[in-house]
Amino acid sequence: NGNQSRSFINIDLLTDVLKRIILTPVPSGIYNLVERNLSVIDIVYTLKEIYPELEFIFINQHLALRDLKVSAETSLKKYIGIENPVDFKTELINFKDKFAF
């Protein structure tokens, strides 16, 4: 139905964090590297803002799928700064600008 949420992280932020982990003493452990949790319908609305002519077809709208949210990592921020000043729409526009379609 589009209300289910998923966790996301920008690939540029991910590679930057991985590079900093290599160069910074960070204790061993499990870190959830998540930038934001978005619902499918939020992604659709953002894509419609960027591509107004785009059509979306939702199938099996009666299904209520579960959320797969992950809390953003806070303990890793003590060792390396994790920050992405760019919002989701700007990330998609930057991604779009890398292609010629």
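Sequence positions, counted from 1, serve as the residue numbers for this chain.
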Inset, instruction - Identify the heavy atoms of Leu38 and Arg36 that sit nearest to each other, and give their distance. - result: CD1-CD, 3.6 Å

Legend entry - Heavy-atom neighbours of Lys48 NZ exceed 12 at 6.0 Å: yes

Legend entry - Taking every non-hydrogen atom, the tightest pair across Ser7 and Val34: CB-CG1, 3.8 Å

Inset, instruction - Please report the shortest heavy-atom distance between Pro25 and Tyr79, naming the atom on each side. - result: O-CD2, 4.1 Å

Legend entry - Shortest non-hydrogen separation from Ile50 to Lys89 and the atoms involved: CD1-O, 3.9 Å

Legend entry - Reported CG-to-NZ distance for the pair Asn32 and Lys69, which is rounded to 0.5 angstrom: 15.0 Å

Legend entry - Cluster link Leu13 to Leu18, ILVMFWY, side chain under 4.5 Å: yes

Inset, instruction - Answer yes or no: does atom CD of Glu55 have more than 12 heavy-atom neighbours from other residues, nucleotides or ligands under 6.0 Å? - result: no

Inset, instruction - Go through the steps to decide whether Ile21 and Tyr31 satisfy the test side chain to side chain contact (heavy atoms under 4.5 Å, CB included), and finish with yes or no. - result: CA-CA 11 Å; Ile21 286 174; Tyr31 300 99; 5.8 Å; no

Legend entry - Spacing of CD belonging to Glu49 relative to CG belonging to Leu54, to within rounding of 0.5 Å: 12.5 Å

Legend entry - Neighbour count >12 (heavy atoms, 6.0 Å) for atom CZ, Phe95: no

Inset, instruction - Could you walk me through whether Glu35 and Phe88 pass side chain to side chain contact (heavy atoms under 4.5 Å, CB included), step by step? - result: CA-CA 10 Å; Glu35 184 178 7; Phe88 181 62; over 6 Å; no

Legend entry - Interatomic distance, Asn94 atom CG to Asp12 atom CG [nearest 0.5 angstrom]: 8.5 Å

Inset, instruction - Kindly determine whether Val86 and Asn10 satisfy side chain to side chain contact (heavy atoms under 4.5 Å, CB included), including the steps that lead there. - result: CA-CA 10 Å; Val86 179; Asn10 182 290; over 6 Å; no

Inset, instruction - Evaluate whether atom CZ of Phe56 has more than 12 neighbouring non-hydrogen atoms of other residues, nucleotides or ligands under 6.0 angstrom away. - result: yes

Inset, instruction - Report the C-alpha separation of Leu76 and Val17 in whole Å, then their side-chain angles, then the decisive distance to 0.1 Å, and conclude whether the side chain to side chain contact (heavy atoms under 4.5 Å, CB included) test is met. - result: CA-CA 10 Å; Leu76 190 57; Val17 169; 4.2 Å; yes

